[in-house]
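Here's the structure, in structure tokens; my notes come after.
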Number of protein chains: 2
Amino acid sequence: MARMVAERSDAIASLAEVFREHGYEGASLALIGKATGLGKGSLYHFFPKGKEEMVRAVLAEIDQWFEDSVYSPLREGTDANAAVTSMLDETTKYFRSGRRVCLVGALAVANTRDLFAQAIRGYFIAWVDALQSALVRQGRDVEQARLLSEDAVLAIQGAIVLSRALDDPAVFERAIGQLHKRLGVEANGIVVPATARPEGSITPFR
Amino acid sequence: MARMVAERSDAIASLAEVFREHGYEGASLALIGKATGLGKGSLYHFFPKGKEEMVRAVLAEIDQWFEDSVYSPLREGTDANAAVTSMLDETTKYFRSGRRVCLVGALAVANTRDLFAQAIRGYFIAWVDALQSALVRQGRDVEQARLLSEDAVLAIQGAIVLSRALDDPAVFERAIGQLHKRLGVEANGIVVPATARPEGSITPFR
DNA sequence: CGCATAGTGTACCAATCAGTAAAGTATTTA
DNA sequence: TAAATACTTTACTGATTGGTACACTATGCG
């Protein structure tokens with residue numbers, strides 16, 4: 001196996017960044033070449049089917065990262081509550097408090113949705129399912145856990161949109177703060193009923 | 001003033017649709033021409049600065065629609081609680097339960113963000129501010145109203161992303177359902193001060 | 001060494017891109 | 001009706017698009 005300078009896998013991080021920043025249509029081969037430092041020849045050597053294959057490779061890597069860093073701990077962590085907290089922290093780091101776009105979310109909104117529909121769907125289903133599993137292990141009702149996890153994943157996506165729109169990472173961080181409250185064990189209605197929660201405990205910020 | 005067949009304003013609805021479906025970069029002049037039924041000559045006659053001006057016109061119209069149908073009732077409605085409910089219903093209709101993308105949200109995530117930063121920011125700030133105003137008139141604490149309204153707007157954006165990703169409008173509708181609960185007066189155990197209470201409009205405490 | 005394979009650089013392609021120019025047609029206004 | 005204005009059509013840019021072809025170099029292996 002001949003190894004010159006680059007490996008296929010080395011390019012994927014750069015590819016991810018360029019697709020995040022410019023979208024599928026906006027990321028031209030010129031831009032991609034600049035971002036990866038690879039010429040067209042190399043790019044088509046590594047990804048014979050062009051941009052589509054590049055995006056698929058990026059999606060696969062993203063999926064792997066989330067599987068290892070988020071879904072798996074959520075599903076299998078012994079301390080479900082700690083796993084939830086860890087998810088929120090990892091997510092904040094990963095999306096850089098909303099400064100970094102979620103490629104999967106961006107693709108879901110673009111008209112390229114159909115091309116990657118399966119991968120997009122898989123990403124979000126895995127996330128919601130894993131989170132639900134942790135919430136159930138916290139002692140919650142299955143139905144409520146479903147609703148809550150769907151709501152949490154959706155809030156993270158929305159937080160990215162809004163914090164970018166307002167150009168304010170604090171928006172993202174406040175949203176994560178809300179989720180910490182909503183997903184924590186003390187909010188599951190067993191320890192402290194939501195209706196009995198003192199007003200001051202809702203706003204820990206600023 | 002010579003009027004042939006089309007007016008500038010007639011094109012805007014089609015323009016909005018084509019930008020929603022294909023994004024700023026993805027909406028080529030060929031596509032735009034097909035969607036509006038206008039040739040390049042006419043398009044550049046109405047929008048001398050090209051795509052950028054078209055998007056600005058669309059954003060202005062969107063802003064106007066939200067101002068009239070959402071923000072203004074939220075700010076000035078006598079029944080704050082009814083205004084909130086109406087906002088959620090109008091929003092569901094407008095975004096067609098997540099089947100229709102929010103152009104402003106999509107632009108906020110794309111790399112074209114900087115071009116339209118001011119309009120994007122204005123749209124979301126107006127929304128959050130108007131909602132906060134209604135929540136305060138419901139009798140809520142200003143700080144909590146701020147958090148809640150930010151959270152609600154962000155949830156709507158996230159609901160669009162997730163429901164599209166899962167290709168399931170029910171996801172959007174569930175999210176709106178959650179918001180109905182969170183934003184209703186009966187939630188959070190708030191006690192509406194007599195001064196802020198519109199006569200006879202309070203839903204009895206659950 | 002020498003050959004196969006892996007990876008690269010460059011020139012090229014047809015198609016499409018946003019945008020321009022200008023001649024032509026409709027419509028209003030005077 | 002005639003001139004002015006509003007709009008449309010068509011043809012045309014030069015640049016860029018994604019993608020191909022192929023000669024080229026580097027590297028690993030026997």
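Every value quoted in this text rests on a predicted model; they were computed, and no experiment measured them. So that the names make sense, note that chain A is the first sequence line, chain B the second, and so on, each numbered from 1.
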Can you measure [X] atom [atom1] to [N] atom [atom2] for me and round it to whole angstrom units?
{"X": "F47(B)", "N": "dG19(C)", "atom1": "CZ", "atom2": "P", "value": "14 Å"}
{"X": "E25(B)", "N": "dA18(C)", "atom1": "CD", "atom2": "C1'", "value": "12 Å"}
{"X": "F19(A)", "N": "dG18(D)", "atom1": "CZ", "atom2": "C1'", "value": "12 Å"}
{"X": "H45(B)", "N": "dT8(D)", "atom1": "NE2", "atom2": "P", "value": "7 Å"}
{"X": "E7(A)", "N": "dT5(C)", "atom1": "CD", "atom2": "P", "value": "20 Å"}
{"X": "H22(B)", "N": "dC17(C)", "atom1": "NE2", "atom2": "C1'", "value": "16 Å"}
{"X": "L43(B)", "N": "dT9(D)", "atom1": "CG", "atom2": "C1'", "value": "12 Å"}
{"X": "I32(A)", "N": "dT17(D)", "atom1": "CD1", "atom2": "C1'", "value": "11 Å"}

Taking side-chain hydrogen bond (donor to acceptor under 3.5 Å, both in side chains) as the definition, give me every residue that meets it alongside D141(A), ordered by chain and number, with sequence neighbours left out. none

side-chain hydrogen bond (donor to acceptor under 3.5 Å, both in side chains) partners of R100(B), counting only residues at least two apart: E17(B)

With rounding to the nearest 0.5 angstrom, report the CZ to CZ distance, R164(B) to R99(B).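 That separation rounds to 11.0 Å.
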
Would you give the length of the straight line joining atom CZ of R56(A) to atom CG of D63(A), rounded to the nearest 0.5 angstrom? 13.0 Å

Is D79(B) salt-bridged to R137(B), cutoff N-O under 4.0 Å?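 No.
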
Aromatic rings Y94(B) and F66(B): how do their planes relate, parallel, tilted or perpendicular, breaks at 30° and 60°? perpendicular

Which pairs, protein N/O on one side and nucleotides 19-21 of chain D N/O on the other, fall under 3.5 Å?
{"unit_1": "dG19(D)", "atom_1": "OP2", "unit_2": "Y44(A)", "atom_2": "OH", "d": "2.7"}
{"unit_1": "dG19(D)", "atom_1": "O5'", "unit_2": "Y44(A)", "atom_2": "OH", "d": "3.1"}
{"unit_1": "dG19(D)", "atom_1": "N7", "unit_2": "K40(A)", "atom_2": "NZ", "d": "3.1"}
{"unit_1": "dG19(D)", "atom_1": "O6", "unit_2": "K40(A)", "atom_2": "NZ", "d": "2.1"}

Pick the nucleotide of DNA chain C nearest each of S28(B) and S42(A); which residue has the one closer to the 5' end?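 Residue closer to the 5' terminus by nearest nucleotide: S42(A).
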
